[in-house]
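A short worksheet on the structure shown next.
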Amino acid sequence: MRLSLLVLLIPALAFAQEFQFHQELDSIPVWDGEYQMPAPWTGGYWRSSPTLADFNGDGLLDIVTGGAGTKLQSFTNIGTNNYPLFILDSPQFGDINCASLLGDLNPVFCNIDADGDQDLLIGTAGGIIQFYENIGSSTQPSFILAADTLRDENGVLVWCQHPACIDIDNDGDLDLLCGRYTGTIGYYLNVGNAQQYSFHLVTDQFEGINFGYQNDADPTFCDIDSDGDYDLFIGNKYGKIYFYRNDGTPQQYDFTLVSNNWFGIDVGDYASPEFCDIDGDGDYDLFIGKDNDLTYDIPGAMQYWENTGTPQVCNFVLRNQNYLTFDAGCSCEPDLCDIDLDGDLDLFFLTNSQLGWMENTGTNQNPEFTIRTFDLLELPPGSCDLGDLNGDQYPDLVTVNGWGGAITLWVNRVTPQNPTFVEFSSIDTDWILYEVSLGDLDADGDLDMIVGGEHSGGFGLLYYQNQGTPSSPNFVQVAQSLPGVTYNNTLNSSLVDFNLDGRIDLLIENNWEGAVYYYENIGSPQSMNFNLVTTNLLDTSLTLFLVDAADIDSDGKVDIFTGHYEGGMRFFRNVTGDSTAVLQPTKMRPRPSRATLSIGPNPSNPVTAISYQLSAVSLVNLSVYDISGRRVAQLVNGRQNPGEYNVSWNSSGKASGVYLIRLDAGQQRITQKVVVVK
């Protein structure tokens, strides 16, 4: 619910200054199973389109992803060849801003001029390709716009939404395959050379492939069966992947359609596949960009599928749906409450049709979220809020069906680790309803409710007073506006004690301007009266959906989470009065992990005792290798909290000799030798 956990009396002087918020992309960790997202609070993606390449020359594959916006985001790999670890390096890769384009940016790296570094092609929704030449080096890239509209040998525009750049005829230079929203692929042969491209249009319908108008063919190539030639994979509008096996040779391709729903993959909408060996095991793994334009029941901004097969025979297993950032799918609304009564705030999120939640597995001062479910409850499109409606201390749920005009109350069946909401009453209205919010507006000990609404072309902020009791609510509409509030067509608002003075204040979201208005309650706790303090409490210049606010870090200042149409959330920390705060988005830096490892006895027979210590939450892999580098035992593989751990390795059945015990903890690797004597 939008009441803060703490009610503190803060001197008015502390809030006399201008409010300041710091957008932070990674400072509150989010875990999806055993995986920690690199930058959970980016707001999500529309039509993510990843490309992987080593663009900083450290031997590790990095990620640049496009989407429906006008900027590319880059994620640098600071892990190892076997254990990637990505950080959000820049929200605007290479200072490249494609504001003049129509969005839907689809980047691809390729060494188009054979100078040893990665150049960049960007396909766009409008069908033009921009070419950015890397005039830096393989370790320090620097991109300049060399061609704002790529053209063929005759000066004709190369029309392309999804470029793929490969040497399709094995002649030593890169050719261009152009996926198009018409469902076809254009083939441009490079009739120049490796240093200076010159593209010749061979066909507008490569291999006769035609998915149909607006079905959006997104091609990529890789040698999936390790036979020396490129195979073809095409993502389409409906989230599926087509697989065409190359039965020809490296010099003369011959593609055969094997599957129109390869491995049963369905990412929702607009599948954008990209292959690479991200874990260094010699076979191709798969990343898939995606959207939720048509369906809302497949969350995530980008999927990672691990190849658990071999270089010759692949087998793909979905490991993660939110590989880069948190994304619930579409139009995300955040709602904070302490669902398990452990003293810290948990986070619920409502998309177009599903209610999900993250448990705060950190503390009230250092929050850390773990996703528990994306589909706790299926709901019609609308809004929700949480608060104790029946006096048992556990937060219950109120939802509104936007177009249906119904307000529904749900009771929590008191299962803290697995909340279960059961409908117990409803209120029918003839309004189109928007955001709902709970708060004790009359200071009588129970929760009242406001709902933004539209009726017969007019707008209102419906005030439902709870005329029941704390254990038996009875909501009665008593007004269509709140005193002092100028309310037009901005229909989303949140109740929160923003200045922590014991009175419920009001935040109103101006969705399209990306601003949040703050109305302070200057009345008494029993008789509200609102005064507009600022129209840019939070001026994000970003399209908002809904917001929620609470003191997430227990520092006596209310912070803000914003939901977005793209499906994700952003976090803004309240740093008012903090002169040391840097008022710019943070770049993610992983929390440092310092691990120690000790073994004994050494030599051993047959049991080796292993002890290690972690200073921070880490992804841990503890394995034993023989002297040739072959892994003979995996003892630990997963996320672990700070602390000391003791395990043992029994070498029975292993030959005498030298073995290596290796601990990978976050970015740190420790290896020790043990001699096994029989």
Side-chain angles (χ1 to χ4, degrees), residues 1-3 333 335-337 339 348 350 355 377 379-414 419-456 458-485 487 491-497 503-508 519 521 523-530 546 548:
M1 80 193 216
R2 292 177 168 83
L3 279 168
E333 173 188 349
D335 290 290
L336 293 154
C337 73
I339 192 66
F348 284 76
L350 178 65
L355 178 67
L377 187 65
L379 298 168
S383 171
C384 73
D385 198 11
L386 295 106
D388 181 14
L389 299 176
N390 60 0
D392 64 357
Q393 299 184 45
Y394 285 92
D396 305 298
L397 179 69
V398 57
T399 64
V400 298
N401 180 350
W403 290 103
I407 303 170
T408 304
L409 308 181
W410 307 72
V411 65
N412 182 359
R413 289 305 186 194
V414 194
T420 303
F421 296 105
V422 178
E423 180 179 347
F424 73 91
S425 69
S426 63
I427 304 169
D428 290 325
T429 76
D430 57 356
W431 289 67
I432 299 172
L433 300 178
Y434 293 82
E435 185 174 9
V436 60
S437 187
L438 295 168
D440 188 2
L441 284 168
D442 51 9
D444 63 351
D446 55 36
L447 292 174
D448 308 297
M449 176 170 58
I450 63 168
V451 187
E454 179 180 353
H455 182 263
S456 301
F459 303 98
L461 185 56
L462 310 182
Y463 171 34
Y464 285 83
Q465 185 181 47
N466 188 347
Q467 298 180 0
T469 67
S471 60
S472 181
N474 179 29
F475 289 102
V476 178
Q477 183 184 339
V478 296
Q480 294 184 12
S481 62
L482 296 180
V485 177
Y487 210 70
L491 298 168
N492 295 320
S493 57
S494 304
L495 296 172
V496 59
D497 182 5
R503 292 172 292 189
I504 301 299
D505 306 302
L506 181 68
L507 304 182
I508 294 181
Y519 283 85
N521 188 349
S524 67
Q526 295 78 24
S527 180
M528 58 185 166
N529 183 28
F530 293 98
L546 299 173
D548 201 5

Which donor-acceptor pairs under 3.5 Å do side chains of residues 394-401 form with protein atoms, sequence neighbours excluded?
{"residue": "Asp396", "atom": "OD1", "partner": "Asn412", "partner atom": "N", "Å": "2.8"}
{"residue": "Asp396", "atom": "OD2", "partner": "Leu389", "partner atom": "N", "Å": "2.7"}
{"residue": "Asp396", "atom": "OD2", "partner": "Asn390", "partner atom": "N", "Å": "3.4"}
{"residue": "Thr399", "atom": "OG1", "partner": "Trp410", "partner atom": "NE1", "Å": "3.0"}
{"residue": "Asn401", "atom": "OD1", "partner": "Gly404", "partner atom": "N", "Å": "3.3"}

Ring pair (Phe, Tyr, Trp, His ring centres under 6.0 Å) partners for Phe348, two or more places apart: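 Phe348: ring pair (Phe, Tyr, Trp, His ring centres under 6.0 Å) contacts with Trp357.
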
Rounded at 0.5 Å granularity, tell me how far [atom1] in [X] sits from [atom2] in [Y].
| X | Y | atom1 | atom2 | result |
| --- | --- | --- | --- | --- |
| Met449 | Leu438 | CE | CG | 7.0 Å |
| Gln465 | Phe475 | CD | CZ | 10.5 Å |
| Ile407 | Trp431 | CD1 | CH2 | 11.0 Å |
| Asp430 | His455 | CG | NE2 | 3.5 Å |
| Ser493 | Leu482 | OG | CG | 7.5 Å |
| Asn492 | Ile508 | CG | CD1 | 9.5 Å |

Any sub-3.5 Å donor-acceptor pair from [X]'s side-chain atoms to [Y]'s backbone N or O?
| X | Y | answer |
| --- | --- | --- |
| Arg413 | Val422 | no |
| Ser383 | Val436 | yes |
| Asn521 | Phe530 | no |
| Asp448 | Leu441 | yes |

Closest heavy-atom contact between [X] and [Y]?
| X | Y | result |
| --- | --- | --- |
| Ile504 | Asp440 | CG1-O, 3.6 Å |
| Glu435 | Ser494 | OE2-OG, 3.1 Å |
| Gln477 | Leu462 | NE2-CD2, 3.8 Å |
| Gly382 | Glu333 | O-OE1, 4.1 Å |

Is the number of heavy atoms from other residues, nucleotides or ligands under 6.0 Å of Gln393 CD greater than 12?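 No.
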
Side chain to side chain, [X] and [Y], heavy atoms closer than 4.5 Å:
| X | Y | result |
| --- | --- | --- |
| Pro473 | Phe424 | yes |
| Leu506 | Leu461 | yes |
| Gln467 | Val478 | yes |
| Tyr519 | Asp505 | no |
| Leu495 | Asp385 | no |

Before giving the answer on side-chain contact (heavy atoms from CB on, under 4.5 Å), spell out for Tyr464 and Thr429 the whole-Å C-alpha distance, their side-chain angles and the decisive distance to 0.1 Å. CA-CA 12 Å; Tyr464 285 83; Thr429 76; 3.3 Å; yes

Can you list the steps and then say if Asp335 with Leu546 is a side-chain contact (heavy atoms from CB on, under 4.5 Å)? CA-CA 9 Å; Asp335 290 290; Leu546 299 173; over 6 Å; no

